[in-house]
Novice: 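Shown below is the structure under consideration.
Just so we're clear, the structure is a prediction, and the values are computed from it rather than from any experiment. Chain naming here is simple, since letters A, B, ... match the order of the sequence lines and numbering starts at 1 in each.
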2 protein chains.
Amino acid sequence: MGSLADISERAGVSIATASRVLNGSKHPVSAAMRERVLNAAAELGYAPSFAARALVTGRTPIVGVIVGDIVDPYFAHIARGVEHVAGRLGYLTMLSSAHRSTEAEIRHLRALRATQARGVIFASSGYTDDPHRQELQQAVDEARESGARVLTLAHRELDCPSVTFDSRAAAYDITDYVVSLGHRRIAFVDGPKGLFTSLERCAGYEAAMAAAGLDPLRFEGGFEYEAGYDAAQHIAAAGPLPDAIIGVNDDVAIGIVMGLRSAGIEVPERVSVAGINDTRPAAYTGLTTVSAPLYELGLTAARIVLAEKGADEPSDKVLPHQLVPRSTTRRAN
Amino acid sequence: MGSLADISERAGVSIATASRVLNGSKHPVSAAMRERVLNAAAELGYAPSFAARALVTGRTPIVGVIVGDIVDPYFAHIARGVEHVAGRLGYLTMLSSAHRSTEAEIRHLRALRATQARGVIFASSGYTDDPHRQELQQAVDEARESGARVLTLAHRELDCPSVTFDSRAAAYDITDYVVSLGHRRIAFVDGPKGLFTSLERCAGYEAAMAAAGLDPLRFEGGFEYEAGYDAAQHIAAAGPLPDAIIGVNDDVAIGIVMGLRSAGIEVPERVSVAGINDTRPAAYTGLTTVSAPLYELGLTAARIVLAEKGADEPSDKVLPHQLVPRSTTRRAN
DNA sequence: TTGTAGGCGTTATCAT
DNA sequence: ATGATAACGCCTACAA
């Protein structure tokens, strides 16, 4: 393996000297010594032990990202953003999936703390009336006390800084856009029950409908493709068809499109469909949606968490979103 | 924070005793002592330091997964499989994306080794004539020497065990299926140049074509949606339309579908399209494809890497794949 | 400019 | 059954 001790021996210098040249200390070292140490290190393939270093510095060059579901492109985009700046700063990004369970999040957070990670980024939204909220908050407090920086990328009842975008406004905007297309009967397929993100998006939808003097038409759903597909089947089989349907996210919206088409209903000819987030599959499928600043969320979060000095404790940032009209919506005739 | 020392003091026992009860040592400890230690630990919110533990045991409860691209659902499925068993075994899964660069892979591997991770799983395929192959192999050797278990989930010229599925056969099977539908002019949109996976899939396609007495028709591509889209545009604009097009993976195939449709060419009415992998988006879009055992790859890999004893060094496993006909292909008329 | 030595939190080896 | 104590690899005053 090769430790500092091995190197110092091989180079005929003290451990201290070896350490100094190998970790860019500003303590002066003669060129000759430096040379010898560097050679020895190269020959032995020296790699500093994170453990030993962490033991004395109290930190590890790791930033944790806790997501709800790795397969969900929503989180993939965020993770990419984090990785981009983390890598550039010499940090390792540690991604872990909590399967939308607060308990799993707590476990991961604790593990990350035990690792002495520099910081932890929560990418998922929280639940209203979460029975584990208290415990999570406590775990977060412990992590922060031990020096870790904790950040949230969505609405949670957590006492810690956040970087987000306005989900409610995003839903409002897409709804408003669909209204502007001349549609009247506009349905909304909701997300998982009790998740803040679902609530906010639904609220945005309802607000836009109310502003247009229209009655809301809400259906149960989820965050995955299947939820949209099932809802569409249901809608197709039930009463009169709506003019348009908005999914709580892209995957659901795509599910809606597929469900509708499988029922012989053309999109957008008979029903317009739109999503929220603008993840990759939305581009694939030509889905009209709202672009959420996912990648930027990751970028920004990582920058804050990995900042040299925790100086400018940034209260709460909100990044902008943007409407992306594509081909699953069309003007009402 | 609370260290073993704090606890032992508070409980009025030795550090050794505290350690014994807190880490499930099989060394006997009286009920009374145990009780006191447990209480003290609870009161102080004790959490063992991974660093200190790693320093003495030489290992960290971490399993690294190095993927080519987090956003690619191919890797997401694998990662999920790994996480499933790792979590269950008390390990942390550390996902890192190498952006399909061998150099980045080397960096990540080194970092993982420095972390003293239990094992490292390479999810990406390798390049032929990789200028960094030598260096990678060396990094792998170093990692293995230092006790880490290294595993590969795709073809690479690396001296280390692997768990894979037969990409060539998968491509052969899907091609054969399309042939069986009665199509003759069948094109193939290839993956990134020089990647083993691309080569194998293309070879499988060509073999099936040859077996059917058909001439292959290959187009440059990549692994992402855009590659398929562009290729489709090109194909649509160029000569006579093929009867069917096979994409090197699902994303490319979906890109082909969208590209074709945007050029006014109906799928599957005029051209059939198929992919490989059966990732989530394939289900979304009703794509005919071959189901690759991605999740199972992750499961199996994690089980091997995290096995108690490295006893049954399993040479090389190959998992089965399966044809999944859906709605982007139809019988020739 | 170089070296010595203490300590970080655990585990494991030896006593007791 | 319990307790000292020596590592583990590194950083960092402090000394020379």
Novice: What nucleic acid atoms does B:Ala47 come within less than 4.0 Å of, heavy atoms only: base, sugar-phosphate, or nothing?
Specialist: sugar-phosphate
Novice: Please determine, by modelled atom types, if B:Gln138 and B:Glu142 share a side-chain donor-acceptor pair under 3.5 angstrom.
Specialist: yes
Novice: Categorize A:Phe50 for me: base, sugar-phosphate, or nothing, with a 4.0 angstrom heavy-atom threshold over every strand shown.
Specialist: nothing
Novice: Can you work out whether A:Pro28 or B:Arg20 has the more 5'-proximal nearest nucleotide on DNA chain C?
Specialist: A:Pro28
Novice: Using the C1' atoms of five pairs at each end, what's the angle between the two axes of the helix from C:dT1-D:dA16 to C:dT16-D:dA1, to 10 degrees?
Specialist: 40°
Novice: Sub-3.5 Å donor-acceptor pair from the side chain of B:Ser96 to the main-chain atoms of B:His108, do we have one?
Specialist: no
Novice: Give one of base, sugar-phosphate or nothing for A:Thr17, where a contact means two heavy atoms less than 4.0 Å apart.
Specialist: sugar-phosphate
Novice: Let me know the distance between CD1 of A:Ile15 and P of C:dG3, rounded to the nearest Å.
Specialist: 11 Å
Novice: Measure the distance from CG on A:Leu44 to C1' on D:dG9 and round it to the nearest whole Å.
Specialist: 14 Å
Novice: For A:Val13 and A:Val56, find the nucleotide of DNA chain C closest to each by heavy atoms; which residue's nucleotide sits nearer the 5' end?
Specialist: A:Val13
Novice: For atom CD of A:Glu9, is the number of surrounding heavy atoms from other residues, nucleotides or ligands below 6.0 Å larger than 12?
Specialist: no
Novice: Output yes when a side-chain donor or acceptor of A:Arg100 lies under 3.5 Å from a complementary backbone atom of A:Gly68, and no otherwise.
Specialist: no
Novice: Here's a test for you: under salt bridge (Lys or Arg N to Asp or Glu O under 4.0 Å), which of B:Arg133, B:Arg110, B:Arg156 qualifies with B:Glu105?
Specialist: B:Arg156
Novice: Answer yes or no: does atom CD of A:Glu157 have more than 12 heavy-atom neighbours from other residues, nucleotides or ligands under 6.0 Å?
Specialist: yes
Novice: Just the rounded figure in Å: distance from P of C:dG9 to OH of B:Tyr46.
Specialist: 10 Å
